[in-house]
Trainee: 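Take this structure, written in structure tokens, and hold onto it; I'll ask about it next.
First the proteins, then the strands, lettered A, B, ... as listed; each starts at 1.
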Amino acid sequence: MRLYNTLTGEEKEFAPADGKTVKMYVCGVTPYSSTHVGHALSYVVFDTLRRYLEYQGYQVRHIQNFTDVDDKIIQRAQEAGISEDELTERYIDDYFRTMDALNIQRAEAYPRATQEIGPILDTIGNLVDKGYAYPAGGDVYFRVNRKEDYGKLSHRSLEGMIAGARVQVDEDKEHPMDFVLWKGAKPGEPSWDSPWGPGRPGWHIECTAMSLRYLDYPLDIHGGGQDLIFPHHENEIAQSEAHTGIQPFAHHWVHNGLLQLGEDKMSKSLGNLVSVEEALATYSADALRTYFLSSHYRSPLQYSDEGSAAMERSMDRFRHALRPATEDEAAIEATNQGQEPLDSDPYLERFMGAMDDDLNTPQAIAALFDLARDINRERGAGRSVKAAQSRLREMGGILGLTFEEPAARNDELAAKPFIDLLVSTRTELRQARQFELADRIRDQLASQGVMLEDSAQGTTWRYQRSA
RNA sequence: GGCGACGUAGCCAAGUGGACUAAGGCGGAGGUCUGCAAAACCUCUAUUCGGCGGUUCGAAUCCGCCCGUCGCCUCCA
């Protein structure tokens, strides 16, 4: 497949260096607040990339970090009156719970910065020894001037960055863009001993140490949100290449566009967050995944409630297409030996072609909808759609879709016997041709969000989820 | 101020020089089915791609200018 590489700004044919195993490092979260839909978008994208690579026969070694020590974590923990560990544990649990709910496959390992202090100190020590870093005022800084190609990922120059003005002046730094590898501890902060005094790792160094330890360089894919390109990934490249001398640090840099909420990007500092938990309370994982994948991964996507609701409605087409054959349909199919079964190969080809084109999921999804329509049409015409149905499941599976009806909530489960009773009463009324009463029951159930569907096989009902 | 992206139907969103008489989804209109609905299916819903010029046999796609929106440059997926 062709895959865009942020470093070169071009699409490039992707294949793992060893031809078999893809080493994929994806930047994880800093766990100090609830997992939001922007995170969900990003991890759905990388999960889909991984699933597609696996579908093509590669083995994917996926490593993802937790940066579980930083200023915000310390601040939040103090505000809440709990330890940093308690706080991060809580949000790491939240992360796994919501990602599982979104059907995101787990990485091979989730190393945490606080549990990798040894390798981090080794990395910093080596950078100091090589002259790429220097201690100053209890901190240790990376010397950006020593790395000739600093700025190559974000495509900017040191001059340009300084011209940008908003660079903090720091007495201890040799150059304003030097960034911290090790932060000297202030009173009350969590700290670890180091050759430069007690302190904690800076933001970027953990990824350098952990990607080296768990995957070894060069990585095949390094990923994250576009907001990580600078400074995080820029600094990671600088550190990692300086540390090992191995270039490139990563063959392919993959960055997803950011989710927009209304006019603005959704971000922690703006406080305009929608948690995944909230979204999943109303919409199915399938609907949310399809929504996230309905625009190209490098483009920004407008998130809205209406958008989620629209996707939820569209999921019905898939679910309907995948319903097992009724007895009548099975009987017709059995007697209709002469008819060719529905051929789904062209849809798979379209799907693969789209995915090969820099993960063009919008077009892949279009192929899915077209196949679903074809199935719905042809099953009515008595053709066998069984193979096409399993093909649709297979293609959906690459996008992480399950096509399951949304699971009933507890209150809904409790209401089920009563709804069943009303429905069977209505069936009797219909048989007695008391349509007025029957329709009133249907309308009133509908106003409670219970949608009835009559067919030759009887009446089915389901909850209306898309508000 | 520097770097970058984008502007396609009522909404979301693909397509980035010729098969585009521009995917797909939502919404809307009509129809088939139905006791009536719902669901599903069928038909229709952008002679046109922010505006103005230019390059070309040919542009939504390339170039220039203008208008508008957004992102990064600071914690962020």
Side-chain angles (χ1 to χ4, degrees), chain A residues 9 26-30 32-33 35-46 67 70-72 151 154-157 159-168 177 203 223-232 234 255-260 263-270 273 290-291 294-296 298-304 306-307 309-317 319-321 323 350 354 357 360-370 372-381 430 433-436 438-439 442-443 446 451-456 459-462 464 466:
Chain A
V26 180
C27 276
V29 295
T30 302
Y32 68 86
S33 62
T35 313
H36 59 67
V37 285
H39 296 133
L41 164 70
S42 184
Y43 298 118
V44 163
V45 164
F46 287 102
T67 300
D70 94 330
D71 292 347
K72 288 256 172 59
S154 52
H155 304 111
R156 49 187 95 177
S157 64
E159 298 74 44
M161 292 182 218
I162 295 163
R166 280 182 292 174
V167 176
Q168 293 166 5
M177 293 311 294
W203 177 27
Q226 281 175 351
D227 52 350
L228 296 182
I229 294 172
F230 190 91
H232 186 53
E234 191 68 62
H255 292 100
N256 64 275
L258 302 181
L259 194 73
Q260 314 274 133
E263 295 295 283
D264 301 309
K265 168 184 88 151
M266 183 168 70
S267 85
K268 292 183 179 180
S269 58
L270 291 173
L273 304 173
T290 308
Y291 190 10
S294 72
S295 90
H296 185 76
R298 285 192 282 117
S299 304
L301 172 68
Q302 303 286 336
Y303 181 83
S304 69
E306 299 76 60
M311 276 305 168
E312 191 66 66
R313 282 191 285 273
S314 71
M315 289 302 106
D316 282 342
R317 295 259 297 285
R319 292 172 191 142
H320 191 271
R323 284 182 193 180
R350 248 177 83 193
D357 180 15
N360 192 329
T361 52
Q363 291 200 352
I365 289 169
L368 241 58
F369 276 112
D370 285 343
R373 181 187 298 114
D374 215 355
I375 289 171
N376 285 332
R377 184 199 308 129
E378 297 305 322
R379 76 188 302 179
R430 289 180 67 220
R433 304 197 65 80
Q434 304 238 25
F435 294 121
E436 202 179 313
D439 289 352
R442 182 176 64 199
D443 293 346
M451 312 310 287
L452 268 53
E453 291 176 24
D454 299 327
S455 75
T459 301
T460 59
W461 61 270
R462 64 207 165 90
Q464 169 93 41
S466 42

Trainee: Before giving the answer on side-chain contact (heavy atoms from CB on, under 4.5 Å), spell out for Val29(A) and His39(A) the whole-Å C-alpha distance, their side-chain angles and the decisive distance to 0.1 Å.
Mentor: CA-CA 8 Å; Val29(A) 295; His39(A) 296 133; 3.7 Å; yes

Trainee: Taking the side chain of Arg462(A) as heavy atoms from C-beta outward, which of A77(B), A39(B), G71(B) is closest to it?
Mentor: A39(B)

Trainee: Looking at C75(B), does its base get a donor-acceptor pair with the side chain of Asp71(A) below 3.5 Å?
Mentor: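 Not at all, since no donor on one side and acceptor on the other fall under 3.5 Å apart.
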
Trainee: Looking at residues at least two apart in the chain, or sitting in another chain, which of them share a side-chain contact (heavy atoms from CB on, under 4.5 Å) with His320(A)?
Mentor: Arg323(A), Asn376(A)

Trainee: Got a salt bridge between Arg319(A) and Glu312(A), using NZ or NE/NH1/NH2 to carboxylate O under 4.0 Å?
Mentor: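 Glu312(A) and Arg319(A): salt-bridged.
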
Trainee: Considering every strand and a 4.0 Å limit on heavy-atom distances, what is the contact class for Asn360(A): base, sugar-phosphate, or nothing?
Mentor: sugar-phosphate

Trainee: Nearest 0.5 Å please: distance from the CZ atom of Arg442(A) over to the CZ atom of Arg430(A).
Mentor: 7.5 Å

Trainee: So which atom in Arg379(A) and which in Ala321(A) form the shortest heavy-atom distance, rounded to 0.1 Å?
Mentor: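 Residues Arg379(A) and Ala321(A), closest heavy atoms: NH1-O, 3.7 Å.
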
Trainee: State which of C26(B), C41(B), C72(B) makes the closest approach to the side chain of Arg313(A).
Mentor: C26(B)

Trainee: How close or far is atom P of C42(B) from atom CG of Asp374(A), stated in whole angstroms?
Mentor: 9 Å

Trainee: Using a cut-off of 4.0 Å on non-hydrogen atoms, how would the nucleic acid contact of Gly224(A) be classed: base, sugar-phosphate, or nothing?
Mentor: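 Counting heavy atoms under 4.0 Å across all strands, the contact made by Gly224(A) is with sugar-phosphate only.
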
Trainee: Could you tell me how far A60(B) sits from G50(B) if I compare only their P atoms? Round to whole Å.
Mentor: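 It comes out at 10 Å once rounded to the nearest Å.
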
Trainee: U21(B) and G58(B): how far apart are their P atoms, nearest whole angstrom?
Mentor: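 One P to the other, the span is 15 Å.
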
Trainee: Please name the pair of heavy atoms, one in Gly151(A) and one in Glu234(A), separated by the smallest distance, quoted to 0.1 Å.
Mentor: N-OE2, 2.8 Å

Trainee: Can you tell me if Ser314(A) touches the phosphate of G27(B), counting only side-chain N or O atoms and a distance under 4.0 Å to OP1 or OP2?
Mentor: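 Answer is no, no contact under 4.0 Å.
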
Trainee: Would you kindly check whether a donor in the side chain of Arg430(A) faces an acceptor in the base of G35(B), or vice versa, at under 3.5 angstrom?
Mentor: yes

Trainee: Between A5(B) atom P and His155(A) atom NE2, what is the distance in whole Å?
Mentor: 10 Å

Trainee: Please confirm whether any donor atom in the side chain of Asp439(A) sits under 3.5 Å from an acceptor in the base of G35(B), or the reverse.
Mentor: yes

Trainee: Who passes side chain to side chain donor-acceptor pair (under 3.5 Å) against Thr290(A), sequence neighbours left out?
Mentor: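 With neighbours one apart ignored, the set is empty.
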
Trainee: Rounding to an integer number of Å, can you tell me how far Arg319(A) CZ sits from A38(B) P?
Mentor: 20 Å

Trainee: So, for Ser42(A) and Asn256(A), which heavy atoms are closest and what is the spacing to 0.1 Å?
Mentor: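 So the minimum-distance heavy-atom pair works out to OG-OD1, 2.8 Å.
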
Trainee: Distance-only, no hydrogens or angles: does the Tyr291(A) side chain make a donor-acceptor pair with backbone N or O of Ser304(A) under 3.5 Å?
Mentor: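 Yes: the side chain of Tyr291(A) pairs with the backbone of Ser304(A).
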
Trainee: Between Arg373(A) and G25(B), is there a side-chain N or O to OP1/OP2 distance below 4.0 Å?
Mentor: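 For G25(B), OP1 or OP2 has a side-chain N or O of Arg373(A) closer than 4.0 Å.
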
Trainee: Does a side-chain N or O from Arg442(A) land closer than 4.0 Å to OP1 or OP2 of C36(B), or not?
Mentor: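 Result: no.
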
Trainee: Figure out the CE/P separation between Met315(A) and A40(B), and round it to whole Å.
Mentor: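 These atoms are roughly 12 Å apart.
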
Trainee: Could you please name the option among A77(B), A14(B), C42(B) that lies closest to any side-chain atom of Leu41(A)?
Mentor: A77(B)

Trainee: Where the side chain of Arg317(A) is defined as all heavy atoms beyond and including C-beta, which of G71(B), C75(B), C41(B) is the nearest nucleotide?
Mentor: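 That would be C41(B).
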
Trainee: So, does Gln363(A) use its side chain to make a donor-acceptor pair with the main chain of Ala354(A) at under 3.5 Å?
Mentor: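 Side chain of Gln363(A) to backbone of Ala354(A): no pair is present.
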
Trainee: For Gln226(A) and C3(B), give me the distance from atom CD to atom P, rounded to whole Å.
Mentor: 18 Å

Trainee: Atom CD of Gln302(A) and atom C1' of G71(B): how far apart are they, to the nearest Å?
Mentor: 12 Å

Trainee: Which value, in whole Å, describes the distance between the C1' atoms of nucleotides G54(B) and G17(B)?
Mentor: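 Straight-line distance between the two C1' atoms is 15 Å.
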
Trainee: Looking at A77(B), C75(B), C36(B), which one has an atom nearest to any side-chain atom of Tyr32(A)?
Mentor: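 Selected nucleotide: C75(B).
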
Trainee: Can you check the distance between C65(B) and A29(B), where both ends of the measurement are the P atom (answer in whole Å)?
Mentor: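 Between the two P atoms, the distance is 46 Å.
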
Trainee: Taking the same atom, C1', in A9(B) and in U47(B), what whole-Å distance lies between them?
Mentor: 13 Å

Trainee: Between U8(B) and A13(B), how far is it from one P atom to the other, in whole Å?
Mentor: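 Comparing P positions in U8(B) and A13(B) gives a spacing of 9 Å.
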
Trainee: Quick check, does Phe435(A) stack with G35(B)? I mean ring centres under 5.5 Å and planes off by under 30°.
Mentor: yes

Trainee: From the list A14(B), G27(B), A77(B), which nucleotide is the closest neighbour of the side chain of His296(A)?
Mentor: A14(B)

Trainee: Would you measure the distance from the P atom in G31(B) across to the matching atom in G24(B) and give it in whole Å?
Mentor: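 To the nearest whole Å, 23 Å.
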
Trainee: Apply side-chain contact (heavy atoms from CB on, under 4.5 Å) to Met311(A) and Ile365(A), showing your working.
Mentor: CA-CA 12 Å; Met311(A) 276 305 168; Ile365(A) 289 169; over 6 Å; no

Trainee: Using the closest heavy atom to pick a nucleotide of RNA chain B for each, name whichever of Leu452(A) or Ser42(A) lands nearer the 5' end.
Mentor: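 It is Leu452(A) whose nearest nucleotide is closer to the 5' end.
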
Trainee: With heavy atoms under 4.0 Å as the rule, sort Asn376(A) into base, sugar-phosphate or nothing.
Mentor: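 Sugar-phosphate, no base atom in range.
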
Trainee: Between C1' on G15(B) and CZ on Arg350(A), what's the gap in Å once rounded to a whole number?
Mentor: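 About 13 Å, once rounded to whole Å.
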
Trainee: Between G35(B), G24(B), A40(B), which nucleotide gets closest to the side-chain atoms of Phe369(A)?
Mentor: G24(B)

Trainee: If you look at every strand shown and take non-hydrogen atoms under 4.0 Å, does Phe46(A) touch a base, only sugar-phosphate, or nothing?
Mentor: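 Answer is nothing: Phe46(A) stays at 4.0 Å or more from every strand.
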
Trainee: Return the 5'-most residue of the pair Tyr291(A), Glu436(A) with respect to RNA chain B, ranking by each residue's nearest nucleotide.
Mentor: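 It is Tyr291(A) whose nearest nucleotide is closer to the 5' end.
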
Trainee: Work out how far the P atom of C57(B) is from that of C11(B), and round it to whole angstrom.
Mentor: 37 Å

Trainee: Under 4.0 Å, counting only non-hydrogen atoms across every strand here, what does Gly28(A) touch: a base, just sugar-phosphate, or nothing?
Mentor: sugar-phosphate

Trainee: Reading RNA chain B 5' to 3', how would its secondary structure be written in dot-bracket notation, given Watson-Crick and G-U pairs with both distances under 3.5 Å, brackets [ ] for crossing pairs and | for partners on other strands?
Mentor: ((((((((.[[[..)..(.....]]]((((((.......))))))....[[[[[..)....]]]]])))))))....

Trainee: Name the nucleic acid region contacted by Ser299(A), choosing base, sugar-phosphate or nothing; use a 4.0 angstrom heavy-atom cut-off, strictly under.
Mentor: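 Sugar-phosphate, backbone atoms only, no base.
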
Trainee: Which nucleotide in the set A39(B), C41(B), A23(B) lies at the smallest distance from any side-chain heavy atom of Arg377(A)?
Mentor: C41(B)

Trainee: What is the distance, rounded to the nearest whole Å, between atom CE of Met311(A) and atom C1' of G24(B)?
Mentor: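 Nearest whole value for this atom pair: 9 Å.
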
